[in-house]
Amino acid sequence: MLILASNDDGYFSPGLEALVRAISTLADVVVIAPDTNRSGASNSLTLDRPLSLKRASNGFYFLNGTPTDCVHIALTGFLERKPDLIVSGINDGQNMGDDTLYSGTVAAAMEGFLFGVPAMAFSLADKGYGEVEAAAEMARRLVMHFLENRYSQPTLLNVNIPNLPLSLQQGFRTTRLGKRHPSEAVQPGLNPFGEPIYWIGPAGKVQDAGEGTDFHAVEHGHVSVTPLRSDLTHRDQIAGLDEWLAPVHSR
Ligand code: MN
């Protein structure tokens, strides 16, 4: 068994280290992660310059690129065989609801999914790596379950783990993504030269955290597991849009 691990917080992240340590008893694990914190990188590829892969003293490889670059390069040139699973994380902070669109953690997993490799993105619900060892153990249980009982569908799982010790973890829950309000407005500041500067702030407050959502599950101590797909087509709108477009044909 071969597992490829990546993240968006950088190859030095305690979350990545804890995850790799936890799953290394289950399979061979190769790590390729960004050389800096690339949180918020989403599904970006670096196309305007070459990329360099280097090996750290602990065996982790690091790349001067995005999380998506890491997985792309691993699958298109670096790894000699296709991995059985790709894991990403454990992220420093939650990736729930709309966060998933911006997340580099989810993007690394999604890149594997696009290449037909099952993938899981892991995030610890609170920042600061408080209960990262408990989170790594929960991740290990899910990975072990996957390796022993393959899921029949193409697999892209977004996993958010409550920041709780093992004794308080309430087990796994299948969820849908919740929804956030847009981010709060951030007042521009001034740089040392008196010019205005902008710094994008944190995600907005939760809007839909109802039963069945990732937010609700984590709030109640469950590990939230959301099945994702990459096709953004809004299927319910196909017929309505087709009708709306019809008059344009005759012009
Ligand atoms: Mn991150």
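Order of appearance sets the numbers: ligands from 1, and atoms from 1 within every ligand. Every heavy atom of this structure was used, including side-chain atoms; hydrogens, water molecules and symmetry mates were not.
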Problem - Whether over 12 other heavy atoms sit under 6.0 Å from E219 CD - result: no

Practice task
Please determine if the Mn ion (ligand 1) has an N/O/S atom from D92 lying under 2.8 Å away.
Solution key: no

Practice task
Taking the Mn ion (ligand 1) as the vertex, measure the angle between atom OD1 in D9 and atom OD1 in D8; round to 10°.
Solution key: 90°

Problem - Short N/O/S contact of N91 with the Mn ion (ligand 1) (below 2.8 Å) - result: yes

Practice task
May I ask you to check whether S224 and N160 show a side-chain donor-acceptor distance below 3.5 Å?
Solution key: no

Practice task
Would you give the length of the straight line joining atom CD of Q170 to atom CE of M138, rounded to the nearest 0.5 angstrom?
Solution key: 9.0 Å

Exercise for the section: Scan side-chain atoms only and decide if T226 and D214 contain a donor-acceptor pair under the 3.5 Å cut-off. Expected result: no

Handout entry: Presence of N, O or S from S39 under 2.8 Å of the Mn ion (ligand 1)
Key = yes

